[in-house]
There are 2 protein chains.
Amino acid sequence: MLIGELAEAVGLTSQTIRFYERRGLLPAPHRAANGYRAYDDSSVFRVLFIRSAQSAGLTLAEIGSIVGLRDHGDLPCTHVATLLHDKLDGVRARQAELASLEAELERLLARSRHLDPADCADSDGCHILTEPRRSGRGG
Amino acid sequence: MLIGELAEAVGLTSQTIRFYERRGLLPAPHRAANGYRAYDDSSVFRVLFIRSAQSAGLTLAEIGSIVGLRDHGDLPCTHVATLLHDKLDGVRARQAELASLEAELERLLARSRHLDPADCADSDGCHILTEPRRSGRGG
DNA sequence: ATAAACCCTTCACCGCACTACAACGTCAAG
DNA sequence: CTTGACGTTGTAGTGCGGTGAAGGGTTTAT
C-alpha cells in the first residue's frame with residue numbers, strides 16, 4: 001500500500017501521514033526497493049486510532065505518549081483514562097470561561113443598543129468596550 | 001512617561017507595548033532627544049482600551065480594525081457591535097462543540113470503567129478510544 | 001521519448017499573542 | 001569610571017496541527 005493509498009483510505013493527505021510519522025505517531029514503515037513507503041492494513045487502523053483520539057480532544061503529543069507506552073510494551077489504558085479525565089477537566093474549565101465571555105458579550109451588546117454613537121467621538125477606542133470609569137478597573 | 005512607566009501603569013511589559021505599536025494598535029509615540037519613546041496619560045487609556053477589547057474576546061487584528069476606523073476619522077461603534085455580535089456567535093458555536101466533546105469524553109470514561117485493560121493487548125492504540133469493531137463490520 | 005502522476009527529502013510558513021535574546025546606546029548614582 | 005537599570009533595534013522562538021513549495025527520482029501510459 002502506497003502512502004497516497006493509505007491517505008485516501010483514511011481521508012487525509014500524504015503530507016499528513018508523513019507528518020504523523022515524523023511526530024512519532026506512526027512507526028517508520030517498510031520501504032520498497034525504490035524507497036517508497038509500504039503500508040499494510042494495520043496502518044489504516046493506526047491512523048484511525050489517531051483520529052479517534054483527536055476527536056476525543058487529545059493533542060498529537062498526548063496521542064504520542066499513548067503510542068509511546070505501546071512501543072515500550074506497556075498497556076496504555078490507565079494512562080488514556082488519566083488523559084481523558086484531565087481533558088474533561090480542561091473542557092469544563094473552558095466551558096466556564098466561555099460562559100462568562102458569553103455573558104460579557106451579551107452585556108456589551110445590550111449596552112451598545114442604548115448607547116449613542118455620537119457620544120463615542122471623544123474616546124480613544126469605543127465607548128461600547130470601555131466602562132464609564134468611576135475608579136480604575138481593567139481586565 | 002517612559003515605556004517602562006507606561007507598561008507598569010497598565011500591568012504589561014515594555015516589550016508588549018512595543019509589540020502593540022508594531023501591530024498598529026498604538027500610534028508611534030513622540031521621541032525624546034535620546035530616542036526614547038515619550039508617552040502621555042492618553043496612552044494609558046489607549047492601552048486599557050486594548051485590554052478591554054481583548055477581554056471581550058476580540059483579537060488584536062480586530063482591535064486594530066477598530067483603531068483603524070478611528071484613524072480614518074470614522075466612528076467605530078457600528079463596527080464594534082458587529083464584531084461583538086460575530087464573536088458571540090463564535091463563542092456559542094464553540095460552546096456547542098465543547099458540550100459535545102464533554103459528552104464524548106464522559107462516554108469514553110464510562111467505557112473505560114467497565115473495560116478490562118487485559119483486552120487492550122492486541123490493539124494498535126487503546127480500546128477505550130476505538131469502538132469495538134468485530135470482524136468485518138463496523139463504522 | 002515524453003508527459004502526467006505518483007513518490008522522496010528538507011525547509012519554510014500559517015495564525016495567535018506574546019516572549020526572549022543579541023548587541024548596542026543612555027542615564028543616574030557611587 | 002564603573003555599575004546597573006533603563007532604553008533602542010531586529011530577529012527568532014513558543015505551542016498547535018498541519019500545509020506548501022523546492023528540487024529531485026520513479027512509474028505508467030502514449
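Worth saying up front: this structure is predicted, and the values here are computed from it rather than measured.
We find that CG of B:Leu6 is positioned 10 Å from P of D:dG7, with the value rounded to whole Å. Atom pair A:Ile3:CD1 and D:dT26:C1' shows a separation of 15 Å (rounding to whole Å applied). Protein atom CD1 of B:Ile17 is 11 Å distant from nucleotide atom P of D:dG7, rounded to whole Å. A:Gln15 places its CD atom 12 Å from the P atom of D:dG18, with the value rounded to the nearest Å. Atom CZ in B:Arg37 sits about 10 Å away from atom P in D:dG7, given to the nearest Å. Rounded to whole Å, the distance from CZ on A:Phe19 to P on D:dA21 is 18 Å.
At the heavy-atom level, B:Thr13 lies nowhere under 4.0 Å from the strands shown. Across all strands, A:Arg18 comes closer than 4.0 Å to base atoms (heavy-atom distances).
Within the 4.5 Å cutoff, side-chain heavy atoms of B:Val10 are placed close to those of B:Leu6. With a 4.5 Å cut-off on side-chain heavy atoms, B:Arg23 and B:Ile63 do not count as touching.
For B:Ser14 and D:dC6, the shortest distance from a side-chain N or O to OP1 or OP2 is not below 4.0 Å. Of the side-chain N and O atoms in A:Gln54, one or more sit less than 4.0 angstrom from OP1 or OP2 of D:dG18.
For B:Arg51 and B:Gln54, the side-chain atoms include at least one donor-acceptor pair closer than 3.5 Å. Side chain to side chain, B:Glu102 and A:Gln95 meet the donor-acceptor criterion of an N or O pair below 3.5 Å.
Between the side chain of A:Tyr36 and the base of D:dG25 there is at least one donor-acceptor pair of N/O atoms closer than 3.5 Å.
Among the nucleotides D:dG18, D:dG17, D:dG7, the one closest to any side-chain atom of A:Thr59 is D:dG17.
Tested against B:Leu25, the residues B:Ile66, B:Ile50, B:Ile17 include a single side-chain contact (heavy atoms from CB on, under 4.5 Å) partner, B:Ile50.
Around the CZ atom of B:Arg94, the shell of radius 6.0 Å holds no more than 12 heavy atoms that belong to other residues, nucleotides or ligands. With a 6.0 Å radius and a threshold of 12 heavy atoms from other residues, nucleotides or ligands, A:Glu5 has its CD atom above the threshold.
Two residues, B:Leu60 and B:Asn34, neighbour DNA chain C, and the one matched to the more 5' nucleotide by heavy-atom proximity is B:Leu60.
A nucleotide of DNA chain C counts as in contact with chain A when one of its atoms lies under 4.0 Å from a heavy atom; the first and last such, 5' to 3', are C:dC6 to C:dT10.
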